[in-house]
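Presented below is the structure to which this report refers.
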Amino acid sequence: MVLKSFVEVQPDSHFPIQNLPFGVFRPDPNSDPRPGVAIGDYVLDLSVISSAGIFDGEFLKNSDSFNQPNLNKFLELGRPAWREARATLQKLLSADEPTLRDNGILKQKALVPMDKVQMLVPIAIGDYTDFFASMHHAKNCGLIFRGPENPITPNWFHVPIAYHGRASSIVISGTDIIRPRGQGYPTGNSAPYFGPSRKLDFELEMAAVVGPGNGLGKPIDINEAADHIFGLVLMNDWSARDIQAWEYVPLGPFLGKSFGTTISPWIVTLDALEPFAVDAPEQNPPSLPYLTEKKSKNYDISLQVSVTPAGHKETCIVTRSNFNNLYWTITQQLAHHTINGCNLRPGDIFGTGTISGPEPESYGCLLELTWNGQKPLTLGGVTRAFLEDGDEVIFTGICKGEGYSVGFGTCTGKISPSPRDLN
Ligand code: CA
């Protein structure tokens, strides 16, 4: 029998009792940020639940980790504490448990309608890294930028490629993205141009949130890597392709990426995703021992990107992909990140890179979908090679279980124009 909550949850909800993703919110504009979990159309205020003494287990009794403006302290506690919190909350919210269900005063304080709250970036993000883990994306980028001879560079099959991103410009879903200005690639014999980006793009990604870190000089073993990952969010790694193409040789992405990255507000835990684990693709050539795990897994998460063109009401689906298109797993990414001794810290995040599938309908960015602008998309009567001012991009992600779904909600952002008074 499927576990049910006393809180009403619609059949198509992303947030049944099987999910219980963690976020940080303000119940109203004047109150302090505090952690919460999503249940149906409500947010359960964990600062209230914690103050009521409901977390009485080994790890969370007397802990102040839910009286914080972010989840970092909770993340640092590690998987035993995360499992204790999940078990406590799943029991508290279940249909046959009276503690909260029959306590009108506590219920009134603790359950806040989701449409009334302001969601915030749930973690203090010290460092952000972005990987390049979909083979289809790597291949398409190679074909577009370098041509058909060896589109995937030989290192790609041995090394999970990444670059260090910019943590300060990571914003919460719903935040407008200002079109960046910068230098664009010269055409023919002309000089590089400067101005608002002409090739603004989204990248369909997910990001892993780091729990307990590692000491400097102490790599994390591949088979223990999952214990250092709290969960996943949706991530839009907005990209200015013209700036990127001109600047990326030889040190990689910089201003073409660092103007903004959007994440979804709810961190879905690996424990909630476990029923949706699938085998990761076989790797050929075999990975080096430090990247070889006893069980290599992905998750079956259906991903979708829609665009609402500026001035239109209609939203058009532009791609459908799946998290299981990743070649390098998130545990391989984490183990690789630390193999040189680099220390990760609680609240760090790392993006998967654009999650493209093998079919053109599953490509994860406009660069691939329009083949660098050569084949514009038709979206409800307008065409798009890249994003225009006023366009809104909406990501969703969901795992379909038997009788319930575990979802990520949405990750949205609208393009606002570059300021006109800058030259
Ligand atoms: Ca990226």
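In listed order, ligands and their atoms are each counted from 1.
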Nearest to the Ca ion (ligand 1), which N, O or S atom of E205 do we find?
-> OE2

In D237, what N, O or S atom is nearest to the Ca ion (ligand 1), if we give its atom name?
-> OD2

Does the ring center of F350 lie less than 6.0 Å from the ring center of Y128?
-> no

Do the side chains of P265 and L120 get nearer than 4.5 Å, heavy atoms only?
-> no

Under 3.5 Å: donor-acceptor pair, side chain of T383, backbone of L377 | no

Any sub-3.5 Å donor-acceptor pair from N322's side-chain atoms to I301's backbone N or O?
-> yes

State the atom name: nearest N, O or S atom of D130 to the Ca ion (ligand 1).
-> OD2

Taking just the N, O or S atoms of E203, which one is nearest to the Ca ion (ligand 1)?
-> OE1

